[in-house]
Every structure is written in C-alpha cells, then in structure tokens.
Amino acid sequence: MTHNGANDDRGSFAGKLAVVTGGGSGMGRELTRQLAAAGCSVAACDLYPDTVAETAALAQAGAGPGVRVTGHACDVADEAQVLRFRDELLAEHARDHVHLVFANAGAGGAGSFVTSPREQWERTFAIDWYGVYYCARVFLPLLIAGGDGVLVNTSSVNGLWASLGPGVPNTAYCTAKFAVRGFTEALIEDLRSNALGVRVALVIPGHVGTDILVNTRRIHRLPGPQDLDDTQMADARVFLTEAGLLADGASDEEIRQLLTRMENDFKDKASLSASQAATIILDGVRSGAWRILVGEDAKMIDEAVRAKPENSYDYAHLFRDQAAAAAPSAQ
C-alpha cells in the first residue's frame, strides 16, 4: 500500500538526509550504515555518545562521495534534547529539512507493573513511547518541508502481543509498543489529509540480534551477571527456576554463567541479525509499505493473534495452533 501518489524517486535514498535514533548499536547502527552506503546522508543519535560516534565513523567509511554522517548524543525521552539534536543536525548538514526519520531507539526493563520499581517502568515507557512521539513532533515539520518525507516508527512484535510467554510479563515495553503501533496507524489518514507528500511506516520486528539486553542494563544502572549482590542473586534464582531454566541446587556461579549465556545468545543466536533486519526495513520503505514485519516470528505471531485474538494469552492454544499449521500434512 502506498500513499499520496508516490513520486518516482521515493525508492531512492541517494542525496537525501535521514535521521536515525538509537543509532549507537543494533538496528540503528545498521540502518545508518546501509543508508550511507546507498548515498544518503545521516544524522544518528544515541543516549551514549561513544557508541554513536563509532557508528558515524563506520558509516562514513563505507559511504560514497558527498555523503555526510554525523553522530549526536540525545536522550529521546527528553523533548528538549530532541530539539537540540534537530538544531545540531540542521546546522551540521546545512539543511532546512529532512527526508527520512527512523524513530528506532528502544529499551526494555521493568517487566511487571505490580512488582517492578515505578521509576524503571516509567523510564522504559518514556524511551519507547515518548521517544517516538517527540521525534514525530519535532521532525514532522521538517519532513513536510521536504515535500516527500517518510516517518518510520519502530514498534515490536510486542505491539501485537503483550507478553513474552508464561511467567514473563513485559508490561512497560508492551504498553509503549502498542502505543507506537496505534499512533502510527492513526497517522496514516492524518498525513493523507493534512500533510500531503509525507507518509508513515510501521516497523514490527520479532527477535533480532541486538544489544538491547546489555543496553537495558546500562540504562537502568543494573548490575551484570558477575556483579549481582545476594538479594539480586536470590531473585535471579527464583526467576530462572520458575521459568524452568535452572536445575535444583545450581550454584551461584552456574547462575552467573547461565545469565551471561542468555544475554549473549539473545544477540548471537537470533534468527535474524541487525543487518538483515535493517535491510528488510529499508526495502519496505523503498517499496512504499506502511506495515513492515521483520522476521518469521513476527509474521507468525501477527497471524496467530489476528486469527484467534481470544487465545493470545492462552499460550497452549496459541502455540498449538501454530505448531499444527507448521506440521507437514499427511500424504
């Protein structure tokens, strides 16, 4: 589905200026690198200036003539910082408008509304929701000024399904990602009616190999597996035991090793790399799609939830139906 009578050059990124949030690692880093390689100048931001500076250097090294890549420190949950980021990038790129905005920054944490600290819950929600909202507020006028802009908002499979499965609530992240999805879909008609020439795209990734777990710890100032105190170790033991991941009588060192392995496996053993995900996203933007599912797991959950929404949180039924559908038919 395309909007507003797409122009012939919409499929090309060459000569344009893109904004990428969460550009210090993961999909944000790969979006920045692939856009630059396609001839697009990029202003990337991240909460951590060291990581986004590294991204900018990597992307600049792989960019063609005339492409400029800049890195900026910005907490997207703070509108004043987003405004400062806007002013910096316009000055550094000597532009008065932008063509593409990828509101990609995200963080996890504070899974339980009941038991997680309120400040952690609200910090996660602020990054994942207000980071998208403020970027839309700040950059939409610049997309309109360019005449053919695209606002690309990253939701999640958790914007379709508000859980990580049995015993693993994920309320702050899911709430924010549902909000991003609803906001983005609501913008489709709003932009058609009031911002002719600008369109919006909704990105729905499944499990992609990124540093979100490490970054989430860093954002919330949580200890790594090797730095857990006695109380945190006891909590980890309960969580892993209830999730069926820990044998009875496991030592503290075995718990540390398991947590480290889980963190590493999330990135290294994902079915889709950050680079592959970025390619899918950019291909979707080029094609004019408004809804970009990233990964086979995202497609599966999307189909399952839409087919039988009442079974979304009856996990046995939800995944039994999918397993039956995936099984080869009898000959």
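For the numbers below, each heavy atom of this structure counts, side chains included, while hydrogens, waters and symmetry mates do not. Values in this document were obtained by computation on a predicted structure and should not be read as measured data.
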Residue set satisfying ring pair (Phe, Tyr, Trp, His ring centres under 6.0 Å) with His220, at least two apart, ordered chain then number -> none
Quiz question: by atom type and distance under 3.5 Å, do the side chains of Ser193 and Glu189 form a donor-acceptor pair? yes
Plane angle bin for Trp161 and Tyr313 - parallel if under 30°, tilted between 30 and 60°, otherwise perpendicular: parallel
Could you tell me which residues satisfy salt bridge (charged side-chain N to carboxylate O under 4.0 Å, His left out) with Asp252, sequence neighbours excluded, listed by chain and number? Arg237
With sequence neighbours left out, the residues meeting side-chain contact (heavy atoms from CB on, under 4.5 Å) with Ala179 are Trp129
Do Val200 and Phe178 sit in the same hydrophobic cluster, where Ile, Leu, Val, Met, Phe, Trp and Tyr count as joined when their side-chain heavy atoms come under 4.5 Å apart? no
Students should find that the hydrophobic cluster of Phe266, defined by side-chain heavy atoms under 4.5 Å apart, otherwise consists of Tyr173, Ile212, Leu213
Applying salt bridge (charged side-chain N to carboxylate O under 4.0 Å, His left out) to Asp302 and not counting sequence neighbours gives Arg291, Arg306
Salt bridge (Lys or Arg N to Asp or Glu O under 4.0 Å) pairs, two or more places apart, involving residues 115-124: Asp75-Arg123, Arg118-Glu122
Non-neighbouring partners of Arg218 that pass side-chain contact (heavy atoms from CB on, under 4.5 Å), sequence neighbours left out: Tyr48, Asp50, Thr51
Taking side chain to side chain donor-acceptor pair (under 3.5 Å) as the definition, give me every residue that meets it alongside Arg261, ordered by chain and number, with sequence neighbours left out. none
Please determine whether side chain to side chain contact (heavy atoms under 4.5 Å, CB included) holds for the pair Leu100 and Val285, giving the CA-CA distance in whole Å, both sets of side-chain angles, and the decisive distance to 0.1 Å. CA-CA 10 Å; Leu100 301 137; Val285 172; 4.1 Å; yes
Take Leu187 and Asp190 through the test side chain to side chain contact (heavy atoms under 4.5 Å, CB included) and record every step on the way to the result. CA-CA 5 Å; Leu187 281 176; Asp190 195 356; 4.2 Å; yes
With sequence neighbours left out, which residue pairs that include part of residues 53-65 fulfil the salt bridge (Lys or Arg N to Asp or Glu O under 4.0 Å) condition? Arg29-Glu54
Inspect the surroundings of CG in Asp268 and state if more than 12 heavy atoms from other residues, nucleotides or ligands are less than 6.0 Å away. yes
Inter-residue atom distance Ser41.OG - Lys16.NZ, 0.5 Å rounding: 12.5 Å
Could you pull out all residues at least two apart from Val101 that satisfy side-chain contact (heavy atoms from CB on, under 4.5 Å)? Val19, Val98, Phe139, Leu143, Leu151
Beyond-backbone contact of Leu35 with Leu282, side-chain heavy atoms, under 4.5 angstrom: yes
Does any part of the side chain of Glu88, heavy atoms only, come nearer than 4.5 Å to the side chain of Arg84, both counted from C-beta? yes
Can you name the side-chain contact (heavy atoms from CB on, under 4.5 Å) partners of Ala56, sequence neighbours left out? Val69
Between Thr21 and Cys135 the two heavy atoms that sit nearest each other are CG2-SG, 3.7 Å
Is there side-chain contact between Leu240 and Met262, with at least one heavy-atom pair below 4.5 Å? yes
Gln226 side, atom CD; Leu259 side, atom CG - distance, nearest 0.5 Å: 9.0 Å
By side chain to side chain donor-acceptor pair (under 3.5 Å), Thr70 pairs with (sequence neighbours left out) His72, His93
Are side-chain heavy atoms of Cys74 and Leu47 found at a separation under 4.5 Å? no
Side-chain contact test, heavy atoms from C-beta onward, threshold under 4.5 Å: evaluate it for Met27 versus Ile281 and give yes or no. yes
Any idea which heavy atoms bring Ala107 and Ile219 closest together, and the distance? CB-CD1, 3.6 Å
Side-chain donor-acceptor contact under 3.5 Å, Gln34 with Thr279: yes
Evaluate side-chain hydrogen bond (donor to acceptor under 3.5 Å, both in side chains) for Thr184 paired with Asn153, printing each intermediate quantity in order. CA-CA 7 Å; Thr184 306; Asn153 292 336; 3.0 Å; yes
Does any donor atom in the side chain of Ser25 or Asn215 lie under 3.5 Å from an acceptor atom in the other side chain? yes
